[in-house]
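Take a look at the structure below.
When reading the values below, keep in mind they use all heavy atoms of this one structure, side chains included, and skip hydrogens, waters and symmetry mates.
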Amino acid sequence: MPELPEVESARQALEAALGREIRSVDDSDEWVCRPHRPGDIARVLVGGRLTAAHRLGKTMYCETEGRDGRPGPHLGVHLGMGGRIIVSGAGEERGGGEPVRPDRTPRKPEWDRFTVTFTDGGRLRLFDKRRLGRVRLEPDLSLLGPDAEMITREEFRARVGRGQAPVKARLLDQSVLAGVGNLLADETLWQAAVSPSAPASGLGGATLDRLYDALERALKAAIANGGVHTGEVIPFRHADASCPRCGAPMVHGTVGGRSTWWCSAEQA
């Protein structure tokens, strides 16, 4: 599933759609656009513009402006498990979201689940082969915690270092911290040399600070390099692999209900 770095790349792609007048909208996929009926989103957007692109954790939303120039409802976009945002125009195409693999099946038109066409001829599309993405007006963000890229050190200490749940489960809880997924959690815990199963409330201030610094580094690197799959330990999350830092065997287990890999020596 796309995590914060992939979603940030999609948000950046959305910026190429800002300020362009909307000619038409294909919102006919009732599953992706639920609970709206076909035409509901189109009636709001056609003749207007997208004016700003934001992200909170793994959820993106755009500010809109109606044909009368007044602010309209927010347009929420979620990539689901493998979606991409593709914005075209002036002979160029910009994309963001799940990384494109060389062996990926060629894109089919029917996998464009939501399309905005601009009067300049360009388009914004949600490409989603698995049909697990979501587009809706006025998305509810109230259950999400602070964004993982923006949270302060003090907030991180207070929110993550609480309760008896394993620290990995706290990192993955979107109401605690928005944006961290399974791979990013493993990368962060490995960089900080913290056991994924350690009770969160048992972590001292110094350990939480080390974890915060590791998350900040991992996020910056993943955003710069194209996604969480580029993390230092990610290629070693498989059987018979060794820790790339100390050479000890990597261990696999389930923590917080998720498949987890960690160093048998440094994260014991």
Contact summary for [X] and [Y], nearest pair of heavy atoms:
{"X": "Ala214", "Y": "Thr188", "value": "CB-O, 3.6 Å"}
{"X": "Ala192", "Y": "Arg210", "value": "O-NE, 2.7 Å"}
{"X": "Pro139", "Y": "Tyr61", "value": "CG-CB, 4.2 Å"}
{"X": "Met250", "Y": "Ser242", "value": "CG-C, 3.7 Å"}
{"X": "Val180", "Y": "Ala148", "value": "CG2-CB, 3.9 Å"}
{"X": "Pro2", "Y": "Glu98", "value": "CG-OE1, 3.5 Å"}

Polar side-chain atom of [X] near backbone of [Y] as donor-acceptor pair, under 3.5 Å:
{"X": "Thr230", "Y": "Gly227", "answer": "yes"}
{"X": "Arg11", "Y": "His54", "answer": "no"}
{"X": "Arg237", "Y": "His252", "answer": "no"}
{"X": "Ser264", "Y": "Val251", "answer": "no"}
{"X": "Arg113", "Y": "Asp128", "answer": "yes"}
{"X": "Arg170", "Y": "Ala165", "answer": "no"}
{"X": "Arg123", "Y": "Ser88", "answer": "no"}

Should [X] and [Y] be regarded as members of a common hydrophobic cluster, given that ILVMFWY residues are connected when their side-chain heavy atoms come within less than 4.5 Å of each other, either directly or indirectly?
{"X": "Met150", "Y": "Leu219", "value": "no"}
{"X": "Val7", "Y": "Leu56", "value": "no"}
{"X": "Phe127", "Y": "Val116", "value": "no"}
{"X": "Val255", "Y": "Val160", "value": "no"}
{"X": "Leu141", "Y": "Leu137", "value": "no"}

Do the non-hydrogen side-chain atoms of [X] and [Y] ever get within less than 4.5 Å of each other?
{"X": "Cys263", "Y": "Trp190", "answer": "yes"}
{"X": "Trp262", "Y": "Val194", "answer": "no"}
{"X": "Pro196", "Y": "Gln267", "answer": "yes"}
{"X": "Leu189", "Y": "Ser195", "answer": "no"}
{"X": "Gln174", "Y": "Thr59", "answer": "no"}
{"X": "Asp27", "Y": "Phe114", "answer": "yes"}
{"X": "Glu65", "Y": "Arg70", "answer": "no"}
{"X": "Gln12", "Y": "Arg94", "answer": "yes"}

Gap between atom [atom2] of [Y] and atom [atom1] of [X] - 0.5 Å precision:
{"X": "Phe118", "Y": "Arg49", "atom1": "CZ", "atom2": "CZ", "value": "10.5 Å"}
{"X": "His229", "Y": "Leu183", "atom1": "NE2", "atom2": "CG", "value": "10.0 Å"}
{"X": "Lys168", "Y": "Arg258", "atom1": "NZ", "atom2": "CZ", "value": "6.5 Å"}
{"X": "Leu79", "Y": "Ser9", "atom1": "CG", "atom2": "OG", "value": "8.0 Å"}
{"X": "Arg20", "Y": "Leu124", "atom1": "CZ", "atom2": "CG", "value": "8.5 Å"}
{"X": "Leu184", "Y": "Glu3", "atom1": "CG", "atom2": "CD", "value": "5.5 Å"}

Tyr212 vs Phe156 aromatic rings, parallel, tilted or perpendicular, using cut-offs 30° and 60°?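 Correct class here is perpendicular.
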Could you check whether atom [atom1] of [X] has more than 12 heavy atoms from other residues, nucleotides or ligands sitting under 6.0 Å from it?
{"X": "Asp68", "atom1": "CG", "answer": "yes"}
{"X": "Glu92", "atom1": "CD", "answer": "no"}
{"X": "Arg37", "atom1": "CZ", "answer": "no"}

Val46 vs Arg67, test: side chain to side chain contact (heavy atoms under 4.5 Å, CB included). Steps then yes/no. CA-CA 7 Å; Val46 170; Arg67 59 171 57 90; 4.0 Å; yes
Taking only residues two or more places apart in sequence, or in another chain, which ones meet [X] in a salt bridge (Lys or Arg N to Asp or Glu O under 4.0 Å)?
{"X": "Asp209", "answer": "Arg153, Arg157"}
{"X": "Asp29", "answer": "Arg131"}
{"X": "Arg55", "answer": "Glu8, Asp147, Glu149"}

Does the distance from a Lys or Arg side-chain N to an Asp or Glu carboxylate O, for Arg125 and Asp112, drop under 4.0 Å?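 Salt bridge between Arg125 and Asp112, a charged N being under 4.0 Å from a carboxylate O: yes.
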Derivation and outcome, side chain to side chain contact (heavy atoms under 4.5 Å, CB included), residues Arg162 and Ser201: CA-CA 5 Å; Arg162 179 189 302 168; Ser201 62; 6.0 Å; no
When Glu187 is tested against each of Ile234, Val228, Leu215 for side chain to side chain contact (heavy atoms under 4.5 Å, CB included), which residue passes?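 That would be Ile234.
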Yes or no on side chain to side chain contact (heavy atoms under 4.5 Å, CB included) for Ser24 and Thr117, after CA distance, side-chain angles and deciding distance? CA-CA 5 Å; Ser24 64; Thr117 301; 3.4 Å; yes
